[in-house]
Amino acid sequence: MSLPDIQTAIAKAESDAGRAAGSVTLIAVSKVQPNARVEAVLTEGHRCFGENKVQEAAGKWPTFRDSFGAVDLHLIGPLQTNKARQAIGLFDAIHSLDRPKLANTLARLAQQEGQCPDLFVQVNTGEEEQKAGITPADADAFIKECVALDLPVKGLMCIPPVSEEPSLHFALLAKIAARNGLSGLSMGMSSDFERAIALGATHVRVGSAIFGERVTG
């Protein structure tokens with residue numbers, strides 16, 4: 001699918017769900033993509049991208065921003081506390097706030113730097129041992145803890161288990177967000193973003209459908 005195809009599909013999903021046009025932000029997931037592919041999407045006019053690693057993002061986005069102007073850059077992968085200061089200076093949003101130690105580090109750095117990206121708390125809706133994220137049972141308390149630290153928590157993020165119906169996880173995430181007064185829902189990827197939009201997604205993370213399969217090695 002081309003970028004316009006994805007944008008059209010998102011607009012249709014918004015309309016089908018009775019939502020306002022433009023209420024969903026498309027994050028083009030550019031992690032592990034050749035610079036030529038990313039540049040092609042920038043040339044088409046898209047300006048919101050997602051990266052998994054701080055170092056990879058730091059190696060390419062300052063140059064792209066010099067060439068193309070302002071870009072809305074989102075960290076969608078795990079964040080190590082020792083990379084937090086660099087992440088604050090590089091990203092406009094971080095979708096992987098997933099533990100108290102990271103929350104405390106970001107709060108301290110935000111005070112020092114006088115700024116902080118928008119934050120999404122990652123919820124491990126499937127309670128999978130190999131995945132990061134706060135469990136659903138602990139989410140309310142952790143969100144309150146982050147708010148008490150004056151962190152700019154805008155919403156929640158989840159990555160559903162690959163073997164389960166994602167809509168169940170999207171609905172759970174939306175329920176947790178609603179009871180905590182959060183409007184942001186970062187959920188839905190290339191294969192299921194329409195279902196995520198139907199259940200309230202405000203940010204969808206689409207990579208392979210835009211860029212093609214990731215290049216590794």
Side-chain angles (χ1 to χ4, degrees), residues 1-31 33 37-52 57 61 64-65 67-77 90-97 116-123 125 143 152-160 165-214:
M1 296 176 76
S2 66
L3 177 63
D5 289 337
I6 298 290
Q7 292 168 329
T8 298
I10 288 173
K12 183 179 186 302
E14 288 173 337
S15 177
D16 289 347
R19 297 178 56 186
S23 58
V24 177
T25 297
L26 169 60
I27 301 173
V29 180
S30 48
K31 62 180 182 181
Q33 292 290 350
R37 289 186 184 180
V38 179
E39 187 168 350
V41 175
L42 280 162
T43 301
E44 286 187 82
H46 195 68
R47 290 293 183 272
C48 183
F49 292 83
E51 290 285 343
N52 250 36
W61 283 103
F64 279 139
R65 281 171 160 157
S67 299
F68 290 93
V71 171
D72 193 26
L73 193 59
H74 296 241
L75 179 65
I76 58 175
L90 185 61
F91 292 97
D92 300 285
I94 294 171
H95 292 237
S96 48
L97 176 52
C116 187
D118 290 342
L119 299 174
F120 289 75
V121 170
Q122 182 172 349
V123 181
T125 54
I143 292 164
V153 178
K154 303 299 182 183
L156 307 179
M157 184 271 261
C158 74
I159 304 172
E165 168 53 50
S167 294
L168 301 174
H169 296 270
F170 299 155
L172 173 59
L173 196 73
K175 184 176 180 180
I176 296 170
R179 69 173 180 245
N180 285 282
L182 298 174
S183 59
L185 288 169
S186 173
M187 59 189 196
M189 295 184 281
S190 291
S191 61
D192 55 26
F193 66 83
E194 290 100 340
R195 282 173 282 178
I197 291 170
L199 289 165
T202 58
H203 296 73
V204 295
R205 309 180 303 270
V206 180
S208 58
I210 295 174
F211 295 102
E213 291 304 313
R214 275 181 275 161

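Just so you know, these numbers use all the heavy atoms, side chains as well, and skip hydrogens, waters and symmetry mates.
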> I need the Cys116 SG to Ile94 CD1 distance, nearest 0.5 Å.
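One gets 6.0 Å once the value is rounded to the nearest 0.5 Å.
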> Would you call Val206 and Ser190 a side-chain contact if the rule is heavy atoms closer than 4.5 Å?
yes
> Any idea which heavy atoms bring Ala177 and Leu156 closest together, and the distance?
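Closest approach of Ala177 to Leu156: N-CD1, 3.5 Å.
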> Before giving the answer on side chain to side chain contact (heavy atoms under 4.5 Å, CB included), spell out for Arg65 and Leu73 the whole-Å C-alpha distance, their side-chain angles and the decisive distance to 0.1 Å.
CA-CA 10 Å; Arg65 281 171 160 157; Leu73 193 59; 3.4 Å; yes
> Between Asp16 and Ile197, is a side chain to side chain contact (heavy atoms under 4.5 Å, CB included) present by the stated rule, with each step listed?
CA-CA 9 Å; Asp16 289 347; Ile197 291 170; over 6 Å; no
> Identify the two heavy atoms, one from Ala196 and one from Met187, that lie closest to each other, and give their separation to 0.1 Å.
CB-O, 3.3 Å
> Measure the CG-CD1 distance between Asn180 and Ile143 for me, rounded to the nearest 0.5 Å.
4.0 Å
> Between His46 and Cys48, is there a donor-acceptor pair closer than 3.5 Å when you use the side chain of the first and the backbone of the second?
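Answer holds: yes.
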> Assess the residue pair Ser30 and Glu51 against the criterion (side chain to side chain contact (heavy atoms under 4.5 Å, CB included)); give the C-alpha distance rounded to whole Å, side-chain angles, the decisive distance to 0.1 Å, and a yes or no.
CA-CA 6 Å; Ser30 48; Glu51 290 285 343; 2.7 Å; yes
> So, the side chain of Glu165 versus the backbone of Ser167: is there a donor-acceptor pair under 3.5 Å, distance only?
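Flag set: sc Glu165 to bb Ser167 pair under 3.5 Å.
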> Can you measure from CG (Leu168) to CG (Leu199) and round to the nearest 0.5 angstrom?
9.5 Å
> Under 30°, 30 to 60°, or over 60°: which ring-plane class applies to Phe49 and Trp61, parallel, tilted or perpendicular?
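It falls in the tilted class, 30° to 60°.
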> Do any N or O atoms from the side chain of Arg37 and from the backbone of Phe211 form a donor-acceptor pair under 3.5 angstrom?
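It does hold such a pair.
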> Kindly give the heavy-atom pair with the smallest separation between Met157 and Ile76, and that separation in Å.
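It is CE-O, 3.7 Å.
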> Roughly how far, to the nearest 0.5 Å, is the CD1 atom of Ile10 from the CD1 atom of Ile6?
6.5 Å
> Would you find a donor on one side and an acceptor on the other, under 3.5 Å apart, between the side chain of Arg47 and the backbone of Leu42?
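Checked: pair present.
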> Is the closest side-chain heavy-atom distance between Asp92 and Asp118 below 4.5 Å?
no
> Answer yes or no: is there a donor N or O on one side and an acceptor on the other, between the side chain of Arg195 and the main chain of Pro166, under 3.5 Å?
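A pair under 3.5 Å: no.
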> As an exercise, state the distance from CD1 of Ile27 to CD1 of Ile210, rounded to the nearest 0.5 Å.
10.5 Å
> Drop me the distance from Arg205's CZ to Asn52's CG, to the nearest 0.5 angstrom.
9.5 Å
> Where the side chain of Ser15 meets the backbone of Ala11, is there a donor-acceptor pair that is under 3.5 Å apart?
no
> Between Ser96 and Gly77, is there a donor-acceptor pair closer than 3.5 Å when you use the side chain of the first and the backbone of the second?
yes
> My understanding is that only residues two or more places apart in sequence, or in another chain, count here; which of them pass side chain to side chain donor-acceptor pair (under 3.5 Å) with His74?
Asp72, His95
> For Thr43 and Phe68, what are the C-alpha separation, side-chain angles and deciding distance, and is it a side chain to side chain contact (heavy atoms under 4.5 Å, CB included)?
CA-CA 8 Å; Thr43 301; Phe68 290 93; 3.9 Å; yes
> Quick one: are Gln7 and Leu3 in side-chain contact, heavy atoms under 4.5 Å?
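In contact.
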> Looking only at heavy atoms, what is the nearest atom pair of Pro4 and Glu44, with distance?
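Smallest heavy-atom distance, with atoms named: CD-OE1, 3.6 Å.
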> In terms of side-chain heavy atoms, does Ser2 have a donor or acceptor partner in Asp5 at a distance below 3.5 Å?
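Yes, a side-chain donor-acceptor pair sits under 3.5 Å.
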> Grab the two heavy atoms, one from Ala57 and one from Leu90, that are nearest each other, plus how far apart they are.
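Heavy atoms only, the tightest pair is CB-CD2, 3.7 Å.
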> How close do Glu14 and Ala21 get, heavy atom to heavy atom, and via which atoms?
OE1-CA, 3.5 Å
